[in-house]
Trainee: 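Here's a structure for you.
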Amino acid sequence: MRITPIFCALLLGATATVSAATAQTGITVAVQLEPPNLDPTSGAAGAIDTVLYSNVFEGLTRFAADGSVVPGLAESWDISDDGLEYTFHLRDGVTFHDATVMDAEDVKFSLDRARGDDSTNAQKGLFASIASVDVVDPLTVKVTLSEPTGSFLFNMAWGDAVIVAPESIEGNANNPIGTGAFKFANWVQGDRIELIRNPDYWGTPAPLETATFRFIADPTAAFAAVMAEDVDAFFGFPAPENIPQFQADPRFQVIIGNTEGETILAMNNKTAPFDNVKVREAVAHAIDRQAIINGAMFGQGTPIGTHFAPHHPAYVDLTGLSDFDPEKSKALLAEAGLADGFTTTLKLPPPSYARRGGEIIASQLRAVGITAEIENQEWAQWLETTFKGKDFGLTIVSHTEPMDIGIYADPDYYFQYGRPEFVAIMDELNATTDDAARTELLQQAQTMIAEDYVNVYLFELAFPTVAKVGLTGLWENQPTQAVDLTGVSWGK
Amino acid sequence: MNRNLIIGTALTAVFVLAALLSFVWVPYDIETLDIPNRLKPPGGAHWLGTDHFGRDILSMVMTGARTSIAVALVAVGIGMGLGVPLGLSAAALRGGGLDEFIMRGNDLIFAFPSLVIAILITAVFGPGAVNAIIAIGIFNIPVFARLTRGAALGLWGRDFILAARVAGKSAGRISVEHILPNIANLMIVQGTIQFSLGILAEAGLSYVGLGAQPPMPSWGRMLAEAQTLVSIAPHVALFPGLAILLTVLGLNLMGDGLRDMLDPRLRVIRA
């Protein structure tokens with residue numbers, strides 16, 4: 001019994017220190033999904049980048065908050081006239097968190113590892129055109145491409161292309177060692193990841209001393225955590241219906257940003273009846289996008305008519321091709337010999353855009369005679385049977401990678417398009433560096449997949465951030481999946 | 001007449017009637033979404049308000065009653081249909097190897113937490129009302145088997161059974177003609193209780209997404225979907241919740257009342 005007062009005093013002291021730290025120089029933020037491991041160069045999960053991109057790991061180039069590609073670990077670069085040789089000039093004095101120096105050897109190691117035969121990089125395509133990587137001197141790297149790649153600097157900004165060190169790569173899955181403004185401190189699996197400021201950062205040091213990521217998957221728990229101020233900010237708040245309450249609450253600021261998330265009703269293009277373009281067009285005309293945006297997302301989201309982000313300069317508005325017209329839909333079904341409609345499956349992963357959107361879509365399809373049998377799936381099950389196993393008629397998912405129209409060139413991708421003419425456009429695009437010509441090609445590609453009604457393009461996912469008033473420097477949009485805290489501070 | 005029985009039967013009857021009525025008539029079509037009219041509070045046009053898709057909650061609760069009652073009824077049917085014969089055989093062959101086998105098999109099922117196994121079954125065979133019925137039904141088997149065996153064992157020593165045996169009736173005939181009628185009361189009472197547990201289990205499975213799939217309405221899923229809406233439209237969660245509460249309460253009161261009425265010994269003690 002005698003130790004109790006001492007223990008209490010200790011406890012009080014500890015609590016006081018912690019709360020003082022959080023009030024001024026620390027932050028606790030929440031996101032929905034926890035990363036399965038912490039190595040962005042070998043894991044596919046977007047949640048890895050959410051926590052680590054820019055905070056812990058950096059690449060040669062990087063995405064700025066507005067989506068533009070800016071210098072990262074490479075201070076500048078020269079491109080040869082034929083577009084095949086990129087000479088990167090690295091920043092001087094950059095060290096990894098384990099105090100080893102970041103130099104040209106690390107860059108060569110990272111790129112060779114990512115493009116190697118046994119690489120498990122989730123986006124190997126980013127490195128496909130690299131022919132060789134040569135160290136010129138410790139601060140200069142020359143990358144030679146096998147063909148001109150217009151998007152090469154953009155590719156190097158992805159989270160999958162960050163620079164890692166051979167000394168620490170083995171441990172990165174659990175103890176990530178990067179060059180960023182924050183160092184990894186602790187991971188309590190199932191609960192949180194803690195980062196601390198890197199005092200030896202090469203650039204502007206982070207204003208925050210500590211940053212804690214918490215993982216709250218359940219929308220109700222997310223609402224409670226923000227309301228109770230257990231977290232200072234929630235990135236990608238999962239329940240759009242609660243947003244108006246936060247907007248009305250003077251304690252919070254709500255930022256509705258745009259994302260690279262094209263939400264689509266995907267159709268299995270290789271299986272009947274979706275192998276018939278008339279049927280796909282019929283499905284497209286049966287869908288009322290605005291009703292889905294209102295009903296499932298409480299008004300958040302921008303309608304899209306093709307697989308492209310509407311805030312991108314090369315976007316073409318093709319929503320008119322698939323306007324809501326149930327009569328036309330019925331006529332097309334009749335032309336396809338399915339006047340009495342048909343029955344198919346609709347597989348729905350957990351997010352509310354899919355679960356709620358799916359019920360609305362099933363109801364809209366029923367109106368033209370198509371019966372969509374809903375099956376709700378967990379992510380693991382969806383990835384295994386729907387995405388990999390291609391066992392579906394219809395499914396709803398949001399494709400959050402930036403500039404990912406290239407997935408339509410892969411005939412083995414789950415919706416199985418891969419029309420040769422489209423592949424040709426993509427090949428030409430990859431070989432083109434001129435901006436105007438690229439835009440032209442991108443628009444051709446957008447139009448082709450819209451006219452082929454590969455999928456029903458629903459809307460661009462909105463990205464709601466709820467944060468306490470006073471926090472500044474938050475990213476508004478999601479040019480890539482990232483919660484970049486390097487510029488965040490408690491402003492006055 | 002006992003008060004529990006009256007209240008319980010009345011509550012149960014309301015939901016059974018609502019479920020039956022929903023086959024021929026509901027106030028609004030629940031397959032048509034009316035998003036502009038969503039989250040309307042209870043009032044004139046929609047007595048219990050509308051949900052997040054603008055569907056009429058009264059119609060949803062009525063049709064949901066159908067799902068709950070159907071799942072629970074069939075599940076209890078499975079439990080009784082398999083459990084009672086198993087219990088009767090075990091009692092008839094008391095002490096034998098088959099008795100051991102049946103009862104230890106039952107213990108095995110009993111040893112698992114029922115809802116966890118129900119989740120496992122629906123996770124393996126896919127979510128849906130039919131698999132929910134099977135999952136809930138399996139756990140009703142040992143309940144009825146044990147009860148039947150226990151009650152039947154007591155009867156086997158009685159004189160009238162002895163008389164039947166002397167008259168040359170087989171164990172099977174005795175079980176059906178003499179034992180079963182004498183334990184029917186117990187089965188009815190237990191059936192009522194299991195029925196209410198079945199409704200709860202169905203709601204639980206649907207709540208975690210393993211029960212009836214949309215658009216088939218289910219009280220459990222209505223609750224799950226209302227979860228994030230509680231702070232802006234509490235009625236969306238209130239009515240399916242009340243429906244579950246009142247049905248389960250009604251069935252339990254009815255079971256209690258039936259037991260009091262059918263078991264003369266209890267009636268004496270309570271009086």
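Only this structure's heavy atoms are used, side chains among them; waters, hydrogens and symmetry mates stay out. Chain naming here is simple, since letters A, B, ... match the order of the sequence lines and numbering starts at 1 in each.
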Trainee: Who pairs with A:F223 by ring pair (Phe, Tyr, Trp, His ring centres under 6.0 Å), at least two apart in sequence or on another chain?
Mentor: A:F246
Trainee: Nearest 0.5 Å please: distance from the CD1 atom of B:I35 over to the CZ atom of A:F298.
Mentor: 9.5 Å
Trainee: I'd like to check the side-chain contact (heavy atoms from CB on, under 4.5 Å) partners of A:E359; sequence neighbours left out, ordered by chain and number.
Mentor: A:I374, B:F53, B:R55, B:P214, B:E225
Trainee: Verify the neighbour count for atom CH2 of A:W379: are there more than 12 heavy atoms of other residues, nucleotides or ligands below 6.0 Å?
Mentor: yes
Trainee: Heavy-atom cut-off 4.5 Å, strictly under: side chain, backbone, both or neither for A:R356 against chain B?
Mentor: both
Trainee: Between A:E241 and B:L39, is there a side-chain heavy-atom distance shorter than 4.5 Å?
Mentor: no
Trainee: In terms of heavy-atom pairs under 4.5 Å with chain B, which of A:G358, A:S363, A:P238 leads?
Mentor: A:S363
Trainee: For B:S231 and A:Q245, which I'm curious about, is there any donor-acceptor pair between the side chains at under 3.5 Å?
Mentor: yes
Trainee: Quick check: are there more than 12 heavy atoms from other residues, nucleotides or ligands sitting under 6.0 Å from CE of B:M216?
Mentor: no
Trainee: Taking the side chain from A:R366 and the backbone from B:T32, do they hold a donor-acceptor pair closer than 3.5 Å?
Mentor: no
Trainee: Kindly indicate, with the supporting measurements, whether the criterion side-chain contact (heavy atoms from CB on, under 4.5 Å) is fulfilled by B:Q227 and A:D218.
Mentor: CA-CA 10 Å; B:Q227 201 162 238; A:D218 177 53; 3.9 Å; yes
Trainee: Nearest 0.5 Å, what's the CG-CZ distance between A:N376 and B:R221?
Mentor: 7.5 Å
Trainee: Would you give the length of the straight line joining atom CD1 of A:I361 to atom CG of B:L33, rounded to the nearest 0.5 angstrom?
Mentor: 11.0 Å
Trainee: Between chain A and each of B:I232, B:L229, B:T228, count heavy-atom pairs under 4.5 Å; write down the option with the most.
Mentor: B:T228
Trainee: Counting only heavy atoms closer than 4.5 Å, note whether A:A239 contacts chain B via side chain, backbone, both or neither.
Mentor: side chain
Trainee: Name the region of A:Q377, side chain, backbone, both or neither, that has any atom closer than 4.5 Å to a heavy atom of chain B.
Mentor: neither
